[in-house]
Structure formats: structure tokens, C-alpha cells
Enquirer: 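Below you'll find the structure I mean.
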Amino acid sequence: EISACLVGSEMCIRDRPLTDQEKEIFRTCMTLKGVDYTPLLVAKQLASGYNYRFICMTELLIREPKYGFAKVTIYAPLRGEPILESIIEC
């Protein structure tokens, strides 16, 4: 089992599959072109809505693809659409 806390955060990630709701929140926010993000793990925290931190594999879509990892932070208010807050390369 993979279990680790994200640096500078009270949120912990676990090696469970993403729920359909988490996948939909991720898809809704990740409309960027040029890089594919594949979510691998997620941490969730309730705080007047939900804060999500996804650990993702990245693929830069160029002639010779480049791969890496990123931490994607999304805020989903209790009402309204989720908001992409940050993407940080790991």
C-alpha cells in the first residue's frame, strides 16, 4: 500500500482508485493543451468545499514525448464548478 503525506500539507494520499466523481472533477478542470495529465493518486480535504490534490503522470505532447510527474490542486466549492488552482512539477 502506498500512503504518504504531501509536503506542506495535512492531506494524505492513499493508493485507492479514484472515484467516478474525482475523475469527473479532474476532467472538468484539465482542459489544457500540450500536456496530458493522468491522475494516479488523490488526497481530499473538506474545507467549505473540497480541496483535491492529484498526483499525476505527465506527458508533454511533442514529437519526442517527455514524461514526468505533477501535483495538481483543484478546489470544488459546495455549489458551483471546480476550479484549477495550481499545477506543480514534481
Enquirer: Please list every donor-acceptor pair under 3.5 Å in which a side-chain atom of residues 79-90 meets a protein atom from a residue at least two apart or in another chain.
Expert:
residue	atom	partner	partner atom	Å
Ser86	OG	Thr73	OG1	3.4

Enquirer: Grab the two heavy atoms, one from Pro65 and one from Tyr67, that are nearest each other, plus how far apart they are.
Expert: CB-OH, 3.8 Å
Enquirer: Determine, using the 4.5 Å side-chain heavy-atom cutoff (strictly less than), whether Ile62 and Val35 are members of one ILVMFWY cluster.
Expert: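 As far as the 4.5 Å side-chain criterion goes, Val35 and Ile62 are connected within one cluster.
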Enquirer: I'd like to know if Tyr75 and Ile55 are part of one continuous hydrophobic network [Ile/Leu/Val/Met/Phe/Trp/Tyr, side-chain heavy atoms within less than 4.5 Å].
Expert: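 No, because Ile55 and Tyr75 fall into different hydrophobic clusters, even though each may have its own neighbours under 4.5 Å.
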Enquirer: Side chains of residues 23-33: which donor-acceptor partners sit under 3.5 Å, not counting sequence neighbours?
Expert:
residue	atom	partner	partner atom	Å
Glu24	OE1	Arg27	NH2	3.3
Glu24	OE2	Thr28	OG1	3.4
Thr28	OG1	Glu24	O	2.8

Enquirer: Is there a side-chain contact between Met57 and Phe69 in this structure, where contact means two heavy atoms from C-beta onward sitting under 4.5 Å apart?
Expert: yes
Enquirer: Which atom pair, heavy atoms only, marks the closest approach of Val72 to Cys56?
Expert: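 The pair with the smallest heavy-atom distance is CG2-SG, 3.8 Å.
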Enquirer: Calculate, to the nearest 0.5 Å, the distance between atoms CG and CG belonging to Leu46 and Asn51 respectively.
Expert: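 Taking CG in Leu46 and CG in Asn51, the distance rounds to 9.0 Å.
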Enquirer: Please state whether the rings of Tyr52 and Phe54 are parallel, tilted or perpendicular, taking 30° and 60° as the class boundaries.
Expert: parallel
